> 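Below: one structure in structure tokens.
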Number of protein chains: 2
Amino acid sequence: MSAAKENELGRRDTGTLGKLMVLLDVVTHADGPMRFTDILALSDQPRGTLHRQLSHLVEEGLLEIDADGRYSSGLRLLDLASRSWARNEFRLIAEPHLRALQDLTGETVHLGVLRGSSIIYLDKFEGQQPVRMYSQIGNTSPVYCTGVGKAALSILPRERVAALVADLAFHQFTANTHTADTLLAEIEEIRKQGHAFDREEHEVGIRCVAAPIWSENLSLVGGVSVTGPAYRLTMERLSEWAAPIRKTAEQIREAMRIGLGPRR
Amino acid sequence: MSAAKENELGRRDTGTLGKLMVLLDVVTHADGPMRFTDILALSDQPRGTLHRQLSHLVEEGLLEIDADGRYSSGLRLLDLASRSWARNEFRLIAEPHLRALQDLTGETVHLGVLRGSSIIYLDKFEGQQPVRMYSQIGNTSPVYCTGVGKAALSILPRERVAALVADLAFHQFTANTHTADTLLAEIEEIRKQGHAFDREEHEVGIRCVAAPIWSENLSLVGGVSVTGPAYRLTMERLSEWAAPIRKTAEQIREAMRIGLGPRR
DNA sequence: AAATAGAGTTCCAAATAATAGAACAGAATA
DNA sequence: TATTCTGTTCTATTATTTGGAACTCTATTT
């Protein structure tokens, strides 16, 4: 009797799955393991219902429950994600170019894609020091305070950027973090330049240059970036790298066009 | 009218979620993107039903569909998994000990947990060379051909091992890969020794030593291993490392007992 | 030690979502 | 143009999920 197949945000209804994913998100985004009652307080479901939903998630390995009855996210996710990552076409195509860019600059190179209003990091190449890689891969950051995020926005149609920015909550991470107005202004600048800087907007002492990568129909929008400590990456240095990073982005874009071109 | 809440394997029914997870598994385990018809052939659902299920998975970001209508696993999984990994208590507790073991041996150190009949790798520490880390983390390997797997089995009650082995399909990866009989025999040996070797049983040219780690009630069963190329890791060398690796495992076990001890 | 409160689990009729099958549409092929 | 193959939409039927209450177990209070 009700009606709509879409909710107010234009997302289509995903029925039972949608409700379970909300729970999975709640537990996964929590600071630590949650007790049944904690989750109950955040979900507007009756106890019996919530109990069954959590049981199903646990049974499937998406959540785990410890000896104290506290829920945390399950390792099944790791298995699924590692396969997803290993086979990701964008990442596979970009890999050699990222490696080359890392060799050229000696600094950390990231590959990211736009998903909703966040950038999700798909890959990372660091220099000499054996660093924890997983620490970044899979992480998400807001679009408005990362080089890749701003670069990605710069190639979207203005109305899409406006809609996206309108729904955004701007958290001020540093003194340089954008607000809606300054962000929109800078996007215009980036459109002309073809590359974006992150001037310690997310983390004090960290700067980066980024260039956008996109597929023909915008089904994939992302970017590459070179990141490093501000003392080493002066703005002059970053500006010098703008050209090579745009070139890398261009090469990846071209490789994807070919890679995806022949319809099998 | 039917009846059972459990299926033949003792797994409880997870309703709609279970059906969707089967699909997610099918797509995730495939070699490449799958077309609708490919999935239809593997699932015993009617077309209309399958179509809606896939739509829901795509809408939630668990699957993605490309311009050619081919399905592959979605990046939402990466985000969820990276959080799951970052907060994993076992991994956090084990980290310093793994690092120390890596320093001591100079070879690759793995942390794994038993999940069903597979070992899922939770962490990895390599030496000097900046190697792709994600390449192993989240990967799963059969219990019967990994050091960590055999070590883990050795601390399970015999009847659980027997049940697990009975359900296993033994794929012969190398000339040294175990069969059910040789595996059960070796498990007995490992019980006495306290450590397990992988004598090129999974991959030719790769050897390892592993020791089990487990929580009091066996809610967590896993192990640490030191892995490397056979030319460098002679059996003598591996035997020398058996004691330190057992000690590392013991330290992690103790740290977990304390870490999990005080019930908050 | 008994009583009480808190947390989690189980149960079942009612509400809702998923299903099966057929009809429909679009693209590729003959 | 006709035909087949692939994917999408629709609807009555069926199955699952829901919500609320009753129940169990454990910790806390009197």
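Just so it is clear, the structure is predicted and the values come from calculations on it, not from any experiment. Quick note on labels: first sequence line is chain A, next is B, and so on, each numbered from 1.
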> Output the rounded distance in Å from CG (B:L40) to C1' (D:dG7).
10 Å
> Between C:dA15 atom C1' and A:Q45 atom CD, what is the distance in whole Å?
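Rounded to whole Å, this separation is 14 Å.
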> Check each residue of residues 48-57 of chain B for a non-hydrogen atom within less than 4.0 Å of any atom in DNA chain D, then write out the ones that pass by number, or none.
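When residues 48-57 of chain B is checked for heavy atoms under 4.0 Å from DNA chain D, the hits, listed by number, are B:G48, B:H51.
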> Can you identify which nucleotide, out of D:dT6, C:dA18, C:dG8, has its nearest atom closest to the B:R47 side chain?
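Selected nucleotide (nearest to the side chain): D:dT6.
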> Which whole-number value in Å describes the distance from B:D68 CG to D:dT6 P?
15 Å
> Donor-acceptor check, side chain of B:S215 to backbone of B:L220, threshold 3.5 angstrom: yes or no?
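Confirmed, B:S215 side chain pairs with B:L220 backbone.
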> Using only side-chain N and O atoms of B:T16, determine if any of them is under 4.0 Å from OP1 or OP2 of C:dA17.
no
> Among A:V143, A:L153, A:V161, find the one that has a side chain to side chain contact (heavy atoms under 4.5 Å, CB included) with A:L183.
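It is A:L153, the one option of A:V143, A:L153, A:V161 that forms the side chain to side chain contact (heavy atoms under 4.5 Å, CB included) with A:L183.
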> Look at the side chain of A:F36 and decide which nucleotide, out of C:dA20, D:dT16, C:dT9, has an atom nearest to it.
C:dT9
> Does any donor atom in the side chain of B:T14 or A:E60 lie under 3.5 Å from an acceptor atom in the other side chain?
yes
> Using side-chain heavy atoms (C-beta onward) and a distance below 4.5 Å, is B:D38 in contact with B:Y71?
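The answer is no, as the side chains (C-beta and beyond) never meet within the 4.5 Å cut-off.
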> If you find the nucleotide of DNA chain C closest to A:L17 and the one closest to A:D38, which residue's nucleotide is nearer the 5' end?
A:D38
> Tell me the interatomic distance from A:D44, atom CG, to D:dT17, atom P, rounded to whole angstroms.
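About 18 Å, once rounded to whole Å.
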> Which of the following nucleotides, D:dG19, C:dA20, D:dT6, is nearest to the side chain of A:P46?
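Nucleotide nearest to A:P46's side chain: D:dG19.
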> Is B:R246 salt-bridged to B:E250, cutoff N-O under 4.0 Å?
no
> May I have the distance from B:R35 (atom CZ) to D:dG7 (atom P), rounded to whole angstrom?
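To the nearest whole Å, that distance equals 6 Å.
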> D:dG7, C:dA7, C:dT19: which one has an atom nearest the side-chain heavy atoms of B:K19?
C:dT19
> Is there a donor-acceptor pair under 3.5 Å between the side chain of B:H29 and the backbone N or O of B:D25?
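Flag set: sc B:H29 to bb B:D25 pair under 3.5 Å.
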> By ring-ring contact (aromatic ring centres under 6.0 Å, His included), which residues pair with B:F173, not counting sequence neighbours?
B:H171, B:H202
